[in-house]
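Here is the structure we will look at.
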Amino acid sequence: MTLDIAGDYTLFDGGEPVTLRQIRADGTTSVAVANALAGIVGNNRANFAGVEITGYEKSWSLNAQQVGSRGVLVDDIIVDSSGESWRVLTTQQQTLDTRWLVLTRRQV
């Protein structure tokens, strides 16, 4: 029996098309990911010497087959369906290596 769960998300999760910009030393590659799943958006604030900084963060779950062999690395960029850019802060492969779980911060 073969257990292939890579496409299960299309049945119940929904998602949005995004572009992953894989930034490497040999150049940047743009990859289309058809059904990226966005997680909770966080709104973090910090105050440094009287200057307040706000960062918007979002988690993403990306299909590993669509991402390809170059994977997802810190500082890659996800461009969502509304054109917002999100810089990758952390990455982790999950669900029997069929999904990338990625934490990002919105770029202004």
Worksheet item: Measuring from Ile77:CD1 to Gln107:CD, what's the distance to the nearest 0.5 Å?
Response: 5.0 Å
Response to the item:
What one should report as the nearest heavy-atom pair of Val31 and Gln66 is CG1-O, 2.9 Å
Response to the item:
Heavy atoms of Val18 and Asp80 approach each other most closely as CG1-CA, 3.8 Å
Worksheet entry | Arg106 (side chain) donor-acceptor with Tyr56 (main chain) under 3.5 angstrom | no
Worksheet, complete the sentence: Nearest heavy-atom contact between Gly71 and Trp100 is CA-CZ2, 3.6 Å
Practice prompt. Drop me the distance from Lys58's NZ to Ile78's CD1, to the nearest 0.5 angstrom.
Written response: 9.5 Å
Item to complete: Taking all heavy atoms of Thr19 and all of Ser30, pick out the closest pair and write down the distance.
Response: CG2-CB, 4.0 Å
Response to the item:
Residues passing the salt bridge (Lys or Arg N to Asp or Glu O under 4.0 Å) test with Arg24, sequence neighbours excluded, are Asp76
Fill in: Ser81: partners by side chain to side chain donor-acceptor pair (under 3.5 Å), with sequence neighbours left out
Glu16
Worksheet item: Partners of Thr90 by side chain to side chain contact (heavy atoms under 4.5 Å, CB included), sequence neighbours excluded?
Response: Leu103
Worksheet entry | Test side chain to side chain contact (heavy atoms under 4.5 Å, CB included) applied to Val88 and Trp60, step by step | CA-CA 10 Å; Val88 174; Trp60 296 90; over 6 Å; no
Response to the item:
Sequence neighbours excluded, the answer for side chain to side chain donor-acceptor pair (under 3.5 Å) partners of Asp97 is none
Worksheet, complete the sentence: Residues at least two apart in sequence or cross-chain that pass side chain to side chain donor-acceptor pair (under 3.5 Å) with Gln93, listed by chain then number, are none
Item to complete: Assess the side chains of Arg21 and Thr28: does a donor N or O sit below 3.5 Å from an acceptor N or O?
Response: no
Fill in: Thr98 side chain near Gln65 side chain, heavy-atom distance below 4.5 Å
no
Worksheet item: Under 3.5 Å, side chain of Arg87 to main-chain N/O of Asp75, donor-acceptor pair present?
Response: yes
Discussion item. Under the rule for side chain to side chain donor-acceptor pair (under 3.5 Å), what residues qualify as partners of Ser69, not counting sequence neighbours?
Written reply: none
Item to complete: Kindly indicate whether the side chain of Thr104, heavy atoms from C-beta on, has any atom under 4.5 Å from the side chain of Glu57.
Response: no
Worksheet, complete the sentence: Taken to the nearest 0.5 Å, the spacing of Leu101 CG from Thr91 OG1 works out to 9.0 Å
Worksheet item: What's the spacing between Leu20 CG and Arg70 CZ if we round to 0.5 Å?
Response: 10.0 Å
